[in-house]
Amino acid sequence: MSNVRVLCVENQKEYLDALKCMLETAGYEVLSATTGSQGLSILMKQPIHGVLLEYDLPDATGSAVRAEMKRIKPEVPVLLFAGLGTQTPFLLRFFDSYLRNADRPEWAFQDLDA
């Protein structure tokens with residue numbers, strides 16, 4: 001699994017650090033960003049196998065960032081990372097899957113092949 005590179009885009013540094021730690025412990029290589037524009041820049045420059053994307057970013061909505069990511073690299077799965085509430089059915093139409101804040105992030109990409 002050490003060849004699987006995951007991009008985490010999360011605006012809260014403490015969540016980002018925790019996600020990165022858990023994913024790296026599970027054997028993933030992790031790149032991180034705190035804004036949608038940073039995430040898009042990394043996606044354009046690096047080979048990425050999967051993205052965990054927060055919906056509430058300081059510079060864009062997660063669905064707007066996801067749309068641009070899919071335009072750039074349509075084969076890369078983009079998972080919503082958020083506390084899911086009443087908007088869940090609407091939001092999930094835009095994402096390949098989701099990961100709730102309480103879920104274990106290392107399971108999110110277990111089916112990816114490098």
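Owing to the predicted nature of the structure, the values given are computational and were not obtained by experimental measurement.
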When you look at Ile72 and Glu68, which way does the side-chain contact (heavy atoms from CB on, under 4.5 Å) test go after all the steps?
-> CA-CA 6 Å; Ile72 296 166; Glu68 186 62 13; 4.0 Å; yes
Out of curiosity, [X] [atom1] to [Y] [atom2], how far, rounded to the nearest 0.5 Å?
X: Leu43; Y: Lys73; atom1: CG; atom2: NZ; answer: 5.0 Å
X: Leu31; Y: Gln38; atom1: CG; atom2: CD; answer: 12.0 Å
X: Leu80; Y: Tyr55; atom1: CG; atom2: OH; answer: 8.5 Å
X: Cys21; Y: Leu16; atom1: SG; atom2: CG; answer: 11.5 Å

State, to 0.1 Å, how close [X] and [Y] come at their nearest heavy-atom pair, and which atoms those are.
X: Cys8; Y: Leu23; value: SG-CD1, 3.5 Å
X: Gly39; Y: Val9; value: CA-CG2, 4.0 Å
X: Asn11; Y: Pro58; value: CB-CD, 3.6 Å
X: Val76; Y: Lys70; value: O-NZ, 2.8 Å

For Val6 and His49, run side-chain contact (heavy atoms from CB on, under 4.5 Å): C-alpha distance rounded to whole Å, both residues' side-chain angles, the deciding distance at 0.1 Å, then the answer.
-> CA-CA 6 Å; Val6 174; His49 300 98; 5.8 Å; no
Side-chain heavy atoms of [X] within contact of [Y], under 4.5 Å:
X: Pro47; Y: Arg5; value: yes
X: Thr34; Y: Glu10; value: no
X: Met22; Y: Val30; value: no
X: Glu54; Y: Asp56; value: yes

After noting the C-alpha distance and the side-chain angles of Glu29 and Val4, does the key distance pass the side-chain contact (heavy atoms from CB on, under 4.5 Å) rule?
-> CA-CA 6 Å; Glu29 181 179 345; Val4 177; over 6 Å; no
side-chain hydrogen bond (donor to acceptor under 3.5 Å, both in side chains) partners for Ser32, two or more places apart = none
Start with the C-alpha distance between Val65 and Thr35, add both sets of side-chain angles, then the distance that settles side-chain contact (heavy atoms from CB on, under 4.5 Å), and finish with yes or no.
-> CA-CA 9 Å; Val65 174; Thr35 67; over 6 Å; no
Quick one: list whatever passes salt bridge (charged side-chain N to carboxylate O under 4.0 Å, His left out) with Asp17, sequence neighbours left out.
-> Lys13
side-chain contact (heavy atoms from CB on, under 4.5 Å) with Leu7: which of Ile48, Leu53, Leu52?
-> Ile48
Between the side chains of Asp59 and Ser37, does any donor sit under 3.5 Å from an acceptor?
-> yes
